[in-house]
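The basis for the numbers below is simple: all heavy atoms, side chains too, and nothing from hydrogens, waters or symmetry mates. Sequential numbering from 1 along the given sequence is applied to the chain's residues.
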Amino acid sequence: MTPRTLSGVLVSAGRVAATAVTPYHTKGFPSLLPCQRELSSRHHPSTAVESGRGAQRCFSNVPDAAVYTGPVAPAALKRFTLRQLRAKYEAGTPLTMLTAYDYPSAVHVEQAGVDLLLVGDSAAMVVHGHDTTLPITLDEMLTHARAVARGARRPLLIGDLPFGTYEGGPQDAVKSAVRMMKEGGMDAVKLEGGGPNRIRGVEAVVDAGVAVMGHAGLMPQTISVMGGFRPQAQTAASAFAVLRDAKALEAAGCFAVVLECVPAAVAAAVTAELSIPTIGIGAGVGCSGQVLVYHDLLGMMQHPHHAKVTPKFCKQYAAVGEVVQEALVRYREEVEAREFPSAAFSPYKIKQQHREDLARQAREAGFEAAAAELERIGEEGQQA
């Protein structure tokens, strides 16, 4: 019987591969996420199942045989799933994560071999030009998510749920998460906070079959309460609150937790306590992995305002913005000097006979200036 795909799992001759589900949590926490409990249910499994044509991408609504959309043929890609994430975590190998917001950035992140790709609500600031992440809408985030999904086929794709799309309760959270999966092409979602209302939302989203990444420490969506973008967990009480939130997110079913802008010692302690990976951003080297914002890492923005708000913890691995600015200035100068486009960049020609016929037709129609210019150009092969 020809193998077929059911709910992201390879089914052959009416049976499901027996090795498809493995325990996710350790250290006394529930052995399975709700999305792993039953392969025959509507929940997506977080595993890769081997078939005769290679590993299927599971825990994704993007089919393995999707139309080629990037610089690498789909058959050459090995999907990064929650199973690979768990294996790297248990082996002690740091996880890598970056943000991306459109097709070109997604292609670059994929080619770099990064494990996790976050379509972050930071797009509000680095793409849309807002001062905070609060204004971006779910519809805007979905546009970014779809573009990223077309550009990156290998990484685990995570979509940020923006402010106002899940705070109303579990029903809002599930509705927004489902849209991010179905319409955005994501593999998982991320949401901020570890309070009781947020935990109920996480539990509902996970129970609906969507993998969730949590977020503790500095939470940009709550800066009105926090008093701005300020480091967190710098007192014993606030540090314990971060630890408590991270533990609650783990218990609710999160597969990982982002720790943002907390002291390295606090992040290391949280990481040691959890049985799921921590992804640090401004949280020291003791986390299970690291994430940075694409534009910050590359030094994309040269505007003084952006330079002022670039986080202190961000290392710039390149000064791409300087290269871009120089190229744009050179373009303007060459156009103004009529150096561009030169003959080398004007490849399209019209044969002499057609040029002469065109000149005659233009003159007969009374287009004297056009006819005179065609006659001036003269020989075949000249720029037209």
For the backbone of Gly185 and the side chain of Arg146, can you confirm whether one donor and one acceptor N or O come within less than 3.5 Å of each other?
no

Validation row: Leu297, Lys315 side chains within 4.5 angstrom (heavy atoms):
no

Between CG on residue Asp160 and CE on residue Met180, distance to nearest 0.5 Å
7.5 Å

Less than 4.5 Å apart, any side-chain heavy atom of Ile279 and any of Gln290?
no

Should Arg360 and Glu356 count as an ion pair when the cut-off is N to O under 4.0 Å?
no

Just by modelled atom types, is the Met125 backbone N or O under 3.5 Å from a matching donor or acceptor in the Asp131 side chain?
no

Surrounding NZ of Lys88 (heavy atoms of other residues, nucleotides or ligands, distance under 6.0 Å), is the total greater than 12?
yes

Rounded to the nearest 0.5 Å, how far apart are CG of Asp245 and CD1 of Ile199?
7.0 Å

Ile276/Val257 under side chain to side chain contact (heavy atoms under 4.5 Å, CB included): CA gap, chis, key distance, verdict
CA-CA 8 Å; Ile276 58 175; Val257 176; 3.8 Å; yes

Donor-acceptor side-chain pairing of Gln361 and Asp357 below 3.5 angstrom:
no

May I ask you to test the Phe80-Leu95 pair for a side-chain heavy-atom distance under 4.5 Å?
yes

side-chain hydrogen bond (donor to acceptor under 3.5 Å, both in side chains) partners for His215, two or more places apart
Lys190, Glu260

Pair Asp121, Gln221: side-chain N/O donor-acceptor within cut-off below 3.5 Å
yes

Contacts of type side-chain hydrogen bond (donor to acceptor under 3.5 Å, both in side chains), residue Glu368, not counting sequence neighbours:
Arg363

Are Arg179 and Thr165 close enough that some pair of their side-chain heavy atoms sits under 4.5 Å apart?
no

Quick check: are there more than 12 heavy atoms from other residues, nucleotides or ligands sitting under 6.0 Å from CZ of Phe367?
no

Would you indicate whether the side-chain heavy atoms of Leu259 and Ile281 approach each other to under 4.5 Å?
no

Minimum heavy-atom distance Leu274-Tyr89, with the two atoms named
O-OH, 3.4 Å

Test: Arg330 and Glu333 ion pair at under 4.0 Å
no

Do Tyr317 and Val109 sit in the same hydrophobic cluster, where Ile, Leu, Val, Met, Phe, Trp and Tyr count as joined when their side-chain heavy atoms come under 4.5 Å apart?
yes

Mind checking the CG-CE spacing from Leu157 to Met181? Nearest 0.5 Å is all I need.
10.0 Å

Side chain Thr222, main chain Met219, donor-acceptor under 3.5 Å
yes

Tightest non-hydrogen contact, residues Arg154 and Asp115, listed as NH2-OD1, 3.7 Å

Distance (rounded to the nearest 0.5 Å) between Met141 CE and Phe163 CZ:
14.5 Å

Side chains of Ser122 and Tyr101: do they bring a donor and an acceptor to under 3.5 Å?
yes

Donor-acceptor pair, distance only, cut-off 3.5 Å: does the side chain of Glu110 make one with the backbone of Val107?
no

Same hydrophobic cluster for Val324 and Phe340, using side-chain heavy-atom links shorter than 4.5 Å among ILVMFWY?
no

Above 12 or not: heavy atoms from other molecules or residues under 6.0 Å from CD of Glu375?
yes

How about Ser288 and Thr271: does a side-chain donor come under 3.5 Å of a side-chain acceptor?
no

Donor-acceptor under 3.5 Å (Ser238 side chain, Thr235 main chain)
yes

List the atom of Ala152, the atom of Ala106, and the distance in Å for their closest heavy-atom pair.
CB-O, 3.8 Å

Hey, mind stepping through Tyr166 and Lys175 against side chain to side chain contact (heavy atoms under 4.5 Å, CB included) and telling me if it holds?
CA-CA 8 Å; Tyr166 59 92; Lys175 182 178 178 181; over 6 Å; no

Salt-bridge test for Glu203 and Arg200: reply yes if a basic N is under 4.0 Å from a carboxylate O, no otherwise.
no

Modelled atom types, side-chain donor and acceptor of Thr81 and Gln84, under 3.5 Å:
yes

Are Leu98 and Leu292 side-chain neighbours, meaning at least one heavy-atom pair lies under 4.5 Å?
yes

When you look at Val293 and Cys314, which way does the side chain to side chain contact (heavy atoms under 4.5 Å, CB included) test go after all the steps?
CA-CA 8 Å; Val293 170; Cys314 183; over 6 Å; no

Just so I know, are the side chains of Leu156 and Leu117 near enough to count as touching, which here means a heavy-atom distance under 4.5 Å?
no

Distance-only, no hydrogens or angles: does the Glu183 side chain make a donor-acceptor pair with backbone N or O of Asp139 under 3.5 Å?
no

To check you understand the geometry: which heavy-atom pair defines the closest contact between Thr137 and Pro162, and what is its length?
C-CG, 3.9 Å

To the nearest 0.5 Å, atom CG of Asp102 lies from atom OH of Tyr294 at 7.5 Å

Closest heavy-atom pair and its distance - Pro220, Glu192
CD-OE2, 3.3 Å

Residues 226-234, side-chain donor-acceptor partners within the protein, below 3.5 Å, at least two apart:
from: Arg230; atom 1: NE; to: Gly227; atom 2: O; distance (Å): 2.9
from: Gln232; atom 1: NE2; to: Arg230; atom 2: O; distance (Å): 2.8

Nearest 0.5 angstrom please: Thr99 OG1 to Asp296 CG, how far?
7.5 Å

What pair of heavy atoms forms the shortest contact from His144 to Val119, and how long is it?
CB-CG1, 3.8 Å

Are the side chains of Leu85 and Leu116 in touch, meaning some heavy atoms are under 4.5 Å apart?
yes

Cluster link Leu328 to Leu298, ILVMFWY, side chain under 4.5 Å:
yes

Working note: Glu250 + Ser275, criterion side chain to side chain contact (heavy atoms under 4.5 Å, CB included); need CA distance, chi angles, decisive distance, verdict.
CA-CA 8 Å; Glu250 177 185 38; Ser275 301; 3.0 Å; yes

